[in-house]
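A quick write-up on the structure given underneath.
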Protein chains: 2
Amino acid sequence: MKTKAKTLPAKPVPVPARYRARAEIVKALGHPTRLMMVDRLAAGECCVCELQKLAGADMSTVSKHLAVLKRAGILENEKRGLKVFYRLSCPCLTDFFGCIEGVLRKRAGRLAAEL
Amino acid sequence: MKTKAKTLPAKPVPVPARYRARAEIVKALGHPTRLMMVDRLAAGECCVCELQKLAGADMSTVSKHLAVLKRAGILENEKRGLKVFYRLSCPCLTDFFGCIEGVLRKRAGRLAAEL
DNA sequence: TTCATATTTGGCAATTTAGCCAAGCAGATG
DNA sequence: CATCTGCTTGGCTAAATTGCCAAATATGAA
C-alpha cells in the first residue's frame, strides 16, 4: 500500500551543477561595493588604491571584495611595481547592467502605480 | 600640522543608492535554486508545485525562495484557484544568462590552460 | 461543515558573509 | 641595510542567509 503524504516530503534532488556554477558568479556580483568596482573596471583596468578611493572603504575590505570577484572568475589581476591592477576578465559584463536596470525600471513603475 | 596616516584610514563614503538597488536584484538571483527557477520561468509562467518538483526541495523552502525573487521585483504572481502562478516581471532576464555563461567559459578556459 | 490540496509564515539552529583591526609581505627607494 | 608604500591575510564579532519543521491560511470538493 502507499502511504499518502500530506505534502510531498521534499525529496532532496541536488540542484544541477550548471546552476551552482552560475550562482557562484552571480553571488559574487551581489554586493553594492563589488558592483560599483565592476562598473568602474568596465571602463578600464585600475589599481586597488584607486578602487579604494572610489569605494570609500577600508583597504583590507576592498582587497577582500576583489578576491571574491577574482575567485569567481570575474576579474584578473597583475602586479606592476608596487601596485596591483585589476581588470574584467570578460567584457560582456559591461552590458550585464542593462538587464538589471530593466528590472529596476519595472519595479519603479509598479511602485509608482501603487500610489 | 597634518598627521601622516600609514594607510588611508578608510573614510567611510556610503555606496551610491544606484549600486545598492542593483545589488538587491543581483543578490536575489545569486542562489542555485533561485537561478534554476528563474530559468524555468523564462520559458513561461508556472505554479509553485511545479517549481517544487523541479527544485526537489521542501515546499516551504521553494516558497521562501520565490518570495525573495518577488521582493526583488524579479517575479510577479497571481492566484488562480488553489494554485499560485509565478512569472518573470521582465523578459530581459532571459538573456541575462548569456553574460554569466561567458564568464563561465572564460573561467573554464583559464582552468584548462593551467593544466 | 469537514476534509484535502496548495501555499505561506513563524521559529529556530547551522552556516556564511561583512567589515574592522593588526600583522605580514613584496617591491621601491634612500 | 632600514623604511615606505601598496596590498593581502588572519582573526574576530555582528549580522544575514539557508533550510527544515510545524502551524496557519485559503480555496475547492464532498
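Chain identifiers are assigned alphabetically (A, B, ...) following the order of the sequence lines, protein sequences preceding nucleic acid strands; residue numbering begins at 1 within each chain.
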Shorter than 3.5 Å, N or O on both sides, protein versus nucleotides 24-30 of chain C: list them out with atom names.
none

On a heavy-atom basis, which atom in Tyr86(A) and which in Leu41(A) lie closest, and how many Å separate them?
O-CD2, 3.3 Å
Gln52(A) CD to dT8(D) P, in whole Å, measures 11 Å
Give each protein N/O atom lying under 3.5 Å from an N/O atom of nucleotides 9-12 of chain D, with the pair distance.
residue, atom, partner, partner atom, Å
dG10(D), O6, Lys64(A), NZ, 2.9
dG11(D), O6, Lys64(A), NZ, 2.5

When Arg87(B), Arg71(B), Lys70(B) are each screened for salt bridge (charged side-chain N to carboxylate O under 4.0 Å, His left out) with Glu76(B), the one that passes is Arg87(B)
Rounded to whole angstroms, how far apart are CZ on Phe85(B) and C1' on dT7(C)?
12 Å
For Lys83(B) and dA4(C), what is the distance between atoms NZ and P respectively, to the nearest whole Å?
19 Å
Between Asp39(B) and Arg18(A) (salt bridge meaning N to carboxylate O under 4.0 Å), is one present in this structure?
no
Examine distances only and state if a side-chain atom of Gln52(B) and a backbone atom of Asp58(B) form a donor-acceptor pair shorter than 3.5 Å.
no
Side-chain (Arg34(B)) to main-chain (Ala28(B)) donor-acceptor, under 3.5 angstrom
yes
Whole angstrom is fine here: how far is it from NE2 in His31(B) over to C1' in dT17(C)?
14 Å
How is Tyr86(A) classified with respect to the nucleic acid when contacts are heavy atoms under 4.0 Å: base, sugar-phosphate, or nothing?
sugar-phosphate
By nearest atom, which of the nucleotides dC20(C), dG19(C), dT8(D) is closest to the Asp58(A) side chain?
dC20(C)
Nearest-nucleotide 5' precedence on DNA chain C, Val68(A) against Cys49(B)
Cys49(B)
Between Val38(B) and Leu69(B), is the side-chain contact (heavy atoms from CB on, under 4.5 Å) condition met? List the steps.
CA-CA 9 Å; Val38(B) 166; Leu69(B) 290 166; 3.9 Å; yes
Whole Å only: how far is the CD atom of Glu78(B) from the P atom of dA26(D)?
18 Å
Is it true that a side-chain atom of Thr33(B) and a backbone atom of Ala55(B) form a donor plus acceptor pair closer than 3.5 Å?
no
Under the ring pair (Phe, Tyr, Trp, His ring centres under 6.0 Å) rule, what pairs show up with a residue in residues 22-59 of chain A, not counting sequence neighbours?
His31(A)-His65(A)
